[in-house]
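These values consider heavy atoms only, across backbone and side chains, with no hydrogens, waters or symmetry-generated copies.
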Amino acid sequence: MAGGEIAASAGEDRLPLPRPSTRHAQWHWATPQAQLVLATGDLADILRFYRRVHRLNQTALGELLGYDKTYISALELGKRSLDDLPSRRRICEALQLPPHVLGVTDPTDTDHRAMLQFGESTVRLAEIARQSGHATEAVSELWPLVARLEARVEDGHTERDVLHLLARARVGLGVALGNVLPEERLVTAAHWTAMSLEIAEYFDDARMTSYVLRMHGNELRKASLRGAAVQRLSRAAATAPDETARAAVLPLLARAAGALGNGELFDRVMRETHALLDRVDHTSLFNPFSLHEIRLRGLVATGRTREAMRLVEQSPPQRGRGCLRSTPELPSPWSGYGSRWPPSFGR
């Protein structure tokens, strides 16, 4: 399948993107433009940027900070400086700035940096725990982290690194819940992964958006919301910035298309997936052996049992590059699993 085919397919059935909510006004310090302004540490640039984002005149900004218009104008023109720490701290609090930007050493800022370092480690270790079969422990680690990050965002501290960490932590929590919740409650797992979409799409980060859509789509599939799963996974493939990112999505999209009974989409996705086998590094899901099983189950799900039976009689592909190579010593992908998928495929 050509890359454009999935992109076109995704566009046809695409759900409307969420409208920017009022909370986006709180995310102004997390945009790339804001990061450049904050990196200068220049109060004049920061004040002008804040006014432009919030469409304030100098009088309104002066009322917010407790100064008159003339003083704000002098600060923005560089004719006056603000050297005392109490005043700088007050401005940081009013504009919801990280204190260190204006040279203020603050205990809460130190705590913020420690939280980010701890949070990054927590997300990584929770993923390792989940993949090792300890999803319950992953939930126990991620839940308090998500709560703490959400509380910080609600307080107006919306630094870019906080929002990115929150998005990844929510996705990790949703996926871990998808491994421990009973089948009738799997929608809860999909809900948590969906909560990261707004952040990813707001920052227009293609790699992050594709990743969140991929994980969300897979949780929707597990919750038997097959149409929504195909839509999200199609968007993930269309958004993927490179072949490696597409290769991570396509096997999941093929599974969802097969479960939906969409034979045409299933066949197109499988063709593109096999075309990428010799160009992209293999993973636990993107490899000839796993794709062989996905094809078998997809053929059965789309009403082509005889074709699936003929494929079963063939030797399964060798683990490694090259889908046409076979190794008789490997067992059939049906054996040992019964009606369930291999552990690396999810539930």
Side-chain angles (χ1 to χ4, degrees), residues 114-149 164-196 200 207-208 210-224 229 233 236 244-245 247-256 280-294 297 316 318-320 330-347:
M115 181 192 66
L116 287 178
Q117 294 176 353
F118 171 77
E120 295 285 353
S121 298
T122 299
V123 170
R124 288 195 299 269
L125 292 174
E127 177 61 14
I128 293 173
R130 184 189 67 81
Q131 293 181 352
S132 302
H134 301 284
T136 302
E137 288 83 348
V139 171
S140 298
E141 292 293 332
L142 289 170
W143 202 289
L145 174 64
V146 169
R148 188 176 181 185
L149 291 170
H164 272 249
L165 180 58
L166 174 58
R168 297 202 309 279
R170 282 173 171 171
V171 168
L173 177 59
V175 174
L177 285 171
N179 285 1
V180 300
L181 290 174
E183 189 170 350
E184 63 271 15
R185 295 186 58 196
L186 288 179
V187 173
T188 301
H191 167 75
W192 277 104
T193 54
M195 290 177 69
S196 295
R207 186 172 301 280
M208 184 179 182
S210 180
Y211 165 74
V212 174
L213 284 167
R214 168 164 58 94
M215 306 308 285
H216 178 46
N218 197 44
E219 293 306 314
L220 288 170
R221 180 195 60 79
K222 289 158 60 176
S224 297
L233 290 167
T244 298
V249 178
L250 294 178
L252 299 176
L253 177 56
R255 291 179 61 187
V280 176
D281 290 338
H282 295 177
T283 66
S284 60
L285 183 60
F286 185 77
N287 63 76
F289 192 83
S290 297
L291 294 177
H292 185 71
E293 180 165 354
I294 290 174
R297 295 185 183 275
Q318 182 180 7
R319 293 181 185 271
L330 284 176
S332 164
W334 292 101
S335 63
Y337 296 128
S339 61
R340 61 185 174 88
W341 290 92
S344 61
F345 286 12
R347 286 180 67 86

S.K.: If you measure from CZ on Arg297 to NE2 on His292, what distance do you get to the nearest 0.5 Å?
M.R.: 11.5 Å
S.K.: Which heavy atom in Ala236 sits nearest to a heavy atom in Ser210, and how many Å separate them?
M.R.: O-OG, 2.8 Å
S.K.: Before giving the answer on side chain to side chain contact (heavy atoms under 4.5 Å, CB included), spell out for Val175 and Thr193 the whole-Å C-alpha distance, their side-chain angles and the decisive distance to 0.1 Å.
M.R.: CA-CA 7 Å; Val175 174; Thr193 54; 4.3 Å; yes
S.K.: Within this structure, what is the CZ-OG distance for the pair Arg130 and Ser132, rounded to the nearest 0.5 Å?
M.R.: 9.5 Å
S.K.: Looking only at non-hydrogen atoms, find the nearest pair between His216 and Ala194 and report the distance.
M.R.: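 So the minimum-distance heavy-atom pair works out to CE1-CB, 3.3 Å.
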S.K.: In the structure I gave you, are the side-chain heavy atoms of Val146 and Leu166 within less than 4.5 Å of one another anywhere?
M.R.: yes
S.K.: As an exercise, state the distance from CG of Leu291 to CZ of Arg255, rounded to the nearest 0.5 Å.
M.R.: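 The distance works out to 11.5 Å.
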S.K.: Give the minimum heavy-atom separation between Ala176 and Ala138, together with the two atoms involved.
M.R.: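 Closest pair (atom of Ala176, atom of Ala138, distance): CB-CB, 4.0 Å.
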S.K.: Taking all non-hydrogen atoms of both residues, which atom of Ala245 and which atom of Arg207 are closest, and how far apart?
M.R.: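 Scanning both residues completely, I find the closest heavy atoms to be CB-NH1, 4.4 Å.
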S.K.: Checking side chain to side chain contact (heavy atoms under 4.5 Å, CB included) for the pair Asn218/Arg214: CA distance, chi angles, key distance, verdict?
M.R.: CA-CA 6 Å; Asn218 197 44; Arg214 168 164 58 94; 5.8 Å; no
S.K.: Return the OG to CD distance between Ser224 and Glu183, rounded to the nearest 0.5 Å.
M.R.: 5.5 Å
S.K.: Test side chain to side chain contact (heavy atoms under 4.5 Å, CB included) on Asn179 and Lys222; report intermediate values, then the result.
M.R.: CA-CA 10 Å; Asn179 285 1; Lys222 289 158 60 176; 3.6 Å; yes
S.K.: When you look at Leu285 and Leu252, which way does the side chain to side chain contact (heavy atoms under 4.5 Å, CB included) test go after all the steps?
M.R.: CA-CA 9 Å; Leu285 183 60; Leu252 299 176; 3.7 Å; yes
S.K.: Evaluate the side-chain proximity of Phe286 to Thr244: yes if any heavy-atom separation is below 4.5 Å, no if none is.
M.R.: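 No, every pair of side-chain atoms sits at 4.5 Å or beyond.
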S.K.: Can you give me the closest heavy-atom contact between Ser290 and Ser284, atom names plus distance?
M.R.: OG-O, 3.2 Å
S.K.: Let me confirm one number: the CD-CZ distance from Glu141 to Arg124, rounded to the nearest 0.5 Å.
M.R.: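 Rounded to the nearest 0.5 Å, the CD-CZ separation comes out at 13.5 Å.
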S.K.: What's the spacing between Leu142 CG and Trp192 CH2 if we round to 0.5 Å?
M.R.: 10.5 Å
S.K.: Between His191 and Glu219, is there a side-chain heavy-atom distance shorter than 4.5 Å?
M.R.: no
S.K.: Considering non-hydrogen atoms only, spot the tightest contact between Gly217 and Ala229 and give its length.
M.R.: O-CB, 3.3 Å
